[in-house]
Amino acid sequence: MDALDILTDLENVIPYFQAIFSADEHRVIGYEILGRYNGADGVESLGDFFLDEGIPDEYKVEVDQVILTKALDKALSLEEDVLLFINRDAEILMKDDGESFLETLLEYEGKGFKLDRIVLEISERNYHGQFYHLDHLLLYYRTYGIKIAIDKMGSDSSYLDRIGDLAPDILKIDLLALRSTSTSHAYQNVLYSLSMLARKIGATLLFENIEMVYQLQFAWKNGGRFYQGYYLHYPEANFVDRNSRKETLRDLFHEFIFSEKKKLSTIFDLTEEFQVQLQSLLVKYKKYSSYEELLKLLTADLTDVAFRMYVCDEDGFQKSANIIKYDSDWIVQPEYAHKNWSWRPYFLENIIKMRNEKRGILSDLYSDIETGETVRTYSYPLNAKEYLFIDLSYNFLDRKKLLLS
């Protein structure tokens, strides 16, 4: 696609619209504007045109402007609660300090399109200017009600440094790398962390590039409120009916809810089983002289369940050695005695919960620091001040199936 061909045929530069669906309404809440060229070979994406660093920015600004005005002309007919997502490269936006972009939006505000319906998806991929200049502009845009979304989350870790500065309204997370169930657990953990971060700063999560039901379920499970991708709807020249996927999404979410409730029930049942089993074992082995002796006694009953056990006090100081399973043998690791684990996430919170409820707790999935394996830990109050920790083996969790999801 030749840049000059496009610039001399702007009449055939057109907007396409990709629908964005919501989890709470199961319907379209907005549309992302995408650039297309209707040339001799049919309709083609202008993505390569905008990504080509050999094309002058002035050309891109001109084409961007054509797409935006044509899109806004069409958007005037939309219902007043529908959002319009507009992509802008920060480097190009700052060429005139963002003035022409805002002028266009203000022109259409005069025609009845409120600016609090605009979501600016800002990409800083090629930005070489001072970030405080960009931040000042975005803050100024916000005074008009314009929402800010950070684009390409999940594909460029450097964006994490910018979240605190921008405090965006929306984090847009790319699920392109999550195209199969074989994607590493570590990658899923990164996306889970982003969902926790969004919750902390009050941002909405939008998951894009959803191409299969597995990705949609992952997005739903990890706090995604908005979704887009080919699985839900392909970009079109016109606005798709807002309720076009309502029944499908409702049915899918029912399946997701059923699956999640089933998993949570399995976790609850397992926690109850451990509670009963540990109560019985501690009565059986109540005459122990040291915690190391108790741990050795427990190995006989927990050898198919655990791969490591230890005891800590309520402040996180380890009161025993580790006892860890290598192959079929249990080995004592005395060097772990007296180490402190209070720095671990949720450690003290779980201690207080166990102390107050006098019940054991099964942790979330996490990657073990030493083995790298995906594990869960069952912790149990031995008394008011000391607690038993049982790291469950991957093989045991795998046998339970749902505990690894």
Side-chain angles (χ1 to χ4, degrees), residues 1-20 28 30-78 82-96 98-105 107-108 113 115 117-127 141 146-152 155-156 170 172 174 176 206 208-211 226 228-230 232-240:
M1 186 186 302
D2 187 87
L4 290 177
D5 290 341
I6 295 171
L7 287 164
T8 56
D9 190 22
L10 292 176
E11 183 179 345
N12 284 309
V13 170
I14 57 174
Y16 261 44
F17 303 94
Q18 186 167 31
I20 296 170
V28 175
Y31 301 89
E32 180 179 357
I33 302 171
L34 303 172
R36 295 290 187 266
Y37 176 63
N38 191 9
D41 297 325
V43 178
E44 300 177 73
S45 170
L46 286 172
D48 290 340
F49 171 85
F50 287 111
L51 292 174
D52 189 341
E53 295 182 8
I55 296 176
D57 289 343
E58 291 75 16
Y59 293 0
K60 296 177 182 178
V61 169
E62 187 173 357
V63 172
D64 252 340
Q65 182 67 16
V66 170
I67 295 168
L68 179 59
T69 55
K70 289 183 178 181
L72 286 169
D73 283 336
K74 283 195 169 187
L76 290 172
S77 64
L78 290 171
V82 178
L83 302 174
L84 204 59
F85 290 70
I86 303 171
N87 293 288
R88 279 297 179 270
D89 182 281
E91 184 72 15
I92 296 175
L93 183 68
M94 292 296 291
K95 289 296 180 181
D96 66 347
E99 290 183 7
S100 60
F101 177 69
L102 181 58
E103 286 174 3
T104 300
L105 296 183
E107 176 189 342
Y108 280 86
F113 195 96
L115 297 195
R117 296 168 58 193
I118 297 293
V119 180
L120 173 60
E121 294 186 19
I122 193 73
S123 173
E124 301 172 354
R125 186 188 306 105
N126 300 314
Y127 185 59
Y141 281 170
I146 298 170
K147 299 173 177 62
I148 304 300
I150 295 185
D151 197 7
K152 302 304 180 188
S155 62
D156 186 347
I170 295 173
K172 194 167 187 183
D174 190 346
L176 196 61
L206 191 166
E208 66 174 334
N209 280 320
I210 294 175
E211 298 179 351
F226 300 150
Q228 71 178 128
Y230 293 164
L232 297 168
H233 182 254
Y234 279 85
E236 292 182 4
N238 298 305
F239 301 112
V240 66

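- The CD1 atom of Ile86 sits 11.5 Å away from the CD1 atom of Ile67 when rounded to the nearest 0.5 Å.
- Considering only residues two or more places apart in sequence or on other chains, Ala19 meets the side chain to side chain contact (heavy atoms under 4.5 Å, CB included) condition with Phe21, Val28, Tyr31, His233, Val240.
- The CD atom of Glu211 lies 11.0 Å from the CG atom of Leu232; values are rounded to the nearest 0.5 Å.
- For Glu32 and Lys172, the salt-bridge test passes: some basic side-chain N is under 4.0 Å from an acidic carboxylate O.
- Shown here are the ring pair (Phe, Tyr, Trp, His ring centres under 6.0 Å) partners of Tyr230, two or more places apart in sequence or in another chain: Tyr234.
- Among Leu46, Ile14, Val43, Leu10, the one residue that satisfies the side chain to side chain contact (heavy atoms under 4.5 Å, CB included) test with Tyr37 is Leu46.
- Within 6.0 Å of CZ in Phe113 there are more than 12 heavy atoms belonging to other residues, nucleotides or ligands.
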Criterion side chain to side chain contact (heavy atoms under 4.5 Å, CB included) on Phe17 and Ile33, from CA distance to verdict: CA-CA 5 Å; Phe17 303 94; Ile33 302 171; 4.2 Å; yes
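- Annotation for Glu44 and Asp41: closest pair OE2-CB, 4.1 Å, computed over non-hydrogen atoms.
- In this structure, Leu115 CG and Ile146 CD1 are separated by 5.0 Å, a value rounded to the nearest 0.5 Å.
- Minimum interatomic distance between Val66 and Val13 (heavy atoms only, all atoms of both residues): CG1-O, 4.0 Å.
- A search for ring pair (Phe, Tyr, Trp, His ring centres under 6.0 Å) contacts involving Tyr16 returns nothing, not counting sequence neighbours.
- Contacts of Asp73 classified as salt bridge (charged side-chain N to carboxylate O under 4.0 Å, His left out), with partners at least two apart in sequence or in another chain: none.
- Between atom CG of residue Leu76 and atom NZ of residue Lys74 there is a gap of 12.5 Å, rounded to the nearest 0.5 Å.
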Please lay out, stage by stage, how Phe50 and Val63 fare under the test side chain to side chain contact (heavy atoms under 4.5 Å, CB included). CA-CA 9 Å; Phe50 287 111; Val63 172; 3.8 Å; yes
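- The distance from atom OG of Ser123 to atom CG of Asn87, rounded to the nearest 0.5 Å, is 8.0 Å.
- Here the closest heavy-atom approach between residue Ala75 and residue Leu84 is recorded as CB-CD2, 3.8 Å.
- Annotation: ring pair (Phe, Tyr, Trp, His ring centres under 6.0 Å) contacts of Phe226 (sequence neighbours excluded): none.
- Nearest approach of Val82 to Arg117, heavy atoms of both residues: O-NE, 2.9 Å.
- A pairwise comparison of heavy atoms in Ala3 and Phe49 identifies CB-CE1, 3.9 Å as the closest pair.
- Contact annotation: the side chain of Phe85 never approaches that of Gln18 to less than 4.5 Å [non-hydrogen atoms, C-beta and beyond].
- Here the closest heavy-atom approach between residue Leu51 and residue Lys60 is recorded as C-NZ, 4.4 Å.
- For Phe101 and Tyr141, the distance between ring centers is under 6.0 angstrom.
- Side-chain contact check for Ser45 versus Arg36: some heavy-atom pair is nearer than 4.5 Å.
- Ile55 CD1 to Leu7 CG: the interatomic distance, rounded to the nearest 0.5 Å, is 8.0 Å.
- For Glu107, the salt bridge (charged side-chain N to carboxylate O under 4.0 Å, His left out) partners two or more places apart in sequence, or in a different chain, are Lys111.
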